[in-house]
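This report refers to the structure that appears directly beneath it.
In this text the structure is predicted, and so the values were computed from the model without any measurement. In the text below, chain A, chain B and the rest are named by the order of the sequence lines, each starting its count at 1.
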Amino acid sequence: MKKYTSCLLLNALLISMLFSTVEAQKKRDEEWKRTHKRENRFEGTYTRQVGNPAIELLSLTSSFEPYEFRKSQQLTVKFFSPVDTSYFLKAEELRIFKFYWMESSETVNQAITGWNEFGPWPVDDWLRRLSLTADKLGVLVRMGDWKSREILPVDIYFSEDPPVRNFLIAQFRLGRSISKGTFRLFKGKEKTSTSLLHKGKIGKKPGGSFFPVVMPKAWFQAEKGWYTLEVSLKEQGSFDDFSYSFSFYHSEE
Amino acid sequence: MPHSLKKFTANLLSEGNTASVITILQETLHASQPELYNQVIQLSARFKRLEKAVKKGIIDSRDEKLERNQIDFALAELVQEIPEEMTISTELKEVYVRKRNRWIITSLGYLLVMGAVGWLGFMPQKKVYAQLELQVSRIAFRSLNALDIFEGKKVSGLMLQDFEQLKVEASSWDPAGLGDTSRIPSERVVLSLHPQIPGGSAYLDSLRIEEISIMENKQISIEVIPSQDAKEEQGQVQIDFEQSTPSSLRMRYRGALQVATDYLLGKEEENVYEFLGQENITFYCPTTSCELVAQTDTGIQHLYLDTQLGNSYTETEVEVSEISFMRPEDNREVSAILGGTFSLKEPNEEAYQVLALKRNDYLGIKPKEKLTLTELSIVGHEIHIRADGYLERVRAGSEGKSLNPSRLEWLWKNYRFELSAVGILLIIFLVLLPGQISERILTRIERLRGLL
């Protein structure tokens, strides 16, 4: 009888060990990175970076070749860096709907002085899975870390002869609704009246929406170097103004 | 066929069957090997004393182990002295082999039964019926029905951000917003997005929605954003949805329509206007009301409606295959739940588990096949949802802990009588297993072996 009792106890112990699996916990950043790791990037459907709640810069592109699904297209992100530096590349939806996020892996985020390329970034992976076309995506390269406001404009393409665009587009997402606003482009990193190159108006927009600021390359007068874009906005239903500015390096002469 | 006594008892001893070895040796040695028999008797007495001491609890485990080892060692030496020619009858051998096999079958039986009970008891039930009554600020779902939303609803403003063309019916317009009105001979202007600039938009003031049709099996999200002044009834409803084929949104306006444009092209007859940057256009309607038709392409569409929230929108019987109550905030997914209850129950039965949800509590659910939204309405600054159906997975709380009951728990809540009956049968089985049942199984195995 003693043997049967010990046999019962042993079995109960084995079974409780077998079934005492810990409940899966909610995704955390490091776990997200581990499960969404690709060769040169982290990609998936969970956002992790904290941004500016009122306004956020999502994208600064010199060109973005419209891609198609199911054609095995591989995107390359090309950008010019004025110095050797680390960089942070990320892509996300302009309007958050599918919670898409992609960022470069720490193993590839070193840029050399001159032209740099990030890729391959396959279209038929998460982008196809979420039906995200080029016009829904913002792509941004920051010099240094993810908080940096020194931006390097990017060309995104998959073909050997991508279309050329004669303007830069900065895309912003609003955290609050605005009644109106303005943008100003300055030469250099200082915002002075003498360095002001161009100014324009921004219309009424709801919170959560995104809007572009388009900068024709003619505004840069073929001068390569640092430029600063400032966006000043008036919140709807209040007298509060808020603004956002960043500098970017224009490389084309 | 007789078997070597020495070999058989040595084997039994190596398997730890001390008691069996003593009994066999007592039965086989007493006639032919009196000296060895006497030793066995002494060892048997020692073994019985040890068993009694263990039963009474008057011996500590170290002493017990030592005594057992000494008895086993003495028995092993004694077995070595048994003459090689001594045999054990097949019948006697079979008795002990059978005893050992019965023990193995009993252990396997226990393991099997306990495994089954454990599997039933601890694995989560993957099909649970649930009922939800929630207040949320955002809901995202994949609708299995085609939906016509916000039909007949008046809005004080609407921003369109994804459209191929916006056809505006009007008799005259002021394209520069300077009070310089000109006639539109064709009575129609077509606005379109700049082909190379994503994010262009048209913000339309005061109009009535005639039709927004969303196809079946498409993802939709509806979010309510209250105005800065929480007391105000005015707020914003943001709708994102997917379309698999081009479709159209129909609206109507009266009198004059203000349109704030951002990076749009305008076409009237053969004249093309570029509205790069922000421009304000006014259209004038000559009749009671004029039509606006926004043609959308395939893919994801975004609509922003400025409206009186009040009791502004109700939808019933929407079947969904996916549903989420998360919203984006500062590029993170956060809970959009404002309050409510989540109940686990069988259809038409009392709930056996009720979870009260507070603001920002997490609730993640995966419908088994579909969940029916019996009510989806915008009430004030909240989206009210009533839903029921079978769920495959339920998670809640800050750690996303599973709320799926274990199979045993679920059976106990819903089939108490049946489970009790099975439990009693199982206990009877477990009591009988060491004796009669394992004996029967052994007999059957032997019969089968004989046949083979």
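For chain A, the nearby part of B/Ile225 is the side chain; its heavy atoms alone come within less than 4.5 Å. Both the backbone and the side chain of B/Asp240 come within less than 4.5 Å of a heavy atom of chain A. Of the atoms belonging to B/Leu303, not a single heavy atom falls under 4.5 Å from chain A. With a threshold of 4.5 angstrom between heavy atoms, B/Gln196 approaches chain A through its backbone and through its side chain.
Contact check for B/His302 versus A/Lys136: side-chain heavy atoms found under the 4.5 Å cut-off. Between A/Lys205 and B/Asp262 the shortest side-chain heavy-atom distance falls below 4.5 Å.
Residue A/Phe210 holds its CZ atom at 4.0 Å from CD of B/Gln161, rounded to the nearest 0.5 Å. The distance from atom NZ of A/Lys204 to atom CE of B/Met159, rounded to the nearest 0.5 Å, is 11.0 Å. Residue A/Phe97 holds its CZ atom at 12.5 Å from CD of B/Gln238, rounded to the nearest 0.5 Å. A/Phe99 contributes atom CZ, which lies 7.0 Å from atom CE of B/Met326 (distance to the nearest 0.5 angstrom).
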Starting from the C-alpha separation in whole Å, work towards a yes-or-no answer on side-chain contact (heavy atoms from CB on, under 4.5 Å) for B/Glu279 and A/Lys201. CA-CA 9 Å; B/Glu279 300 283 355; A/Lys201 287 190 286 182; over 6 Å; no
Trace of the salt bridge (Lys or Arg N to Asp or Glu O under 4.0 Å) decision for B/Asp162 with A/Arg95: CA-CA 11 Å; B/Asp162 297 273; A/Arg95 160 87 179 154; over 6 Å; no
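For the pair B/Glu223 (side chain) and A/Gly208 (backbone), a donor-acceptor distance under 3.5 Å is absent. Between the side chain of B/Tyr263 and the main chain of A/Val214, a donor-acceptor pair closer than 3.5 Å is present.
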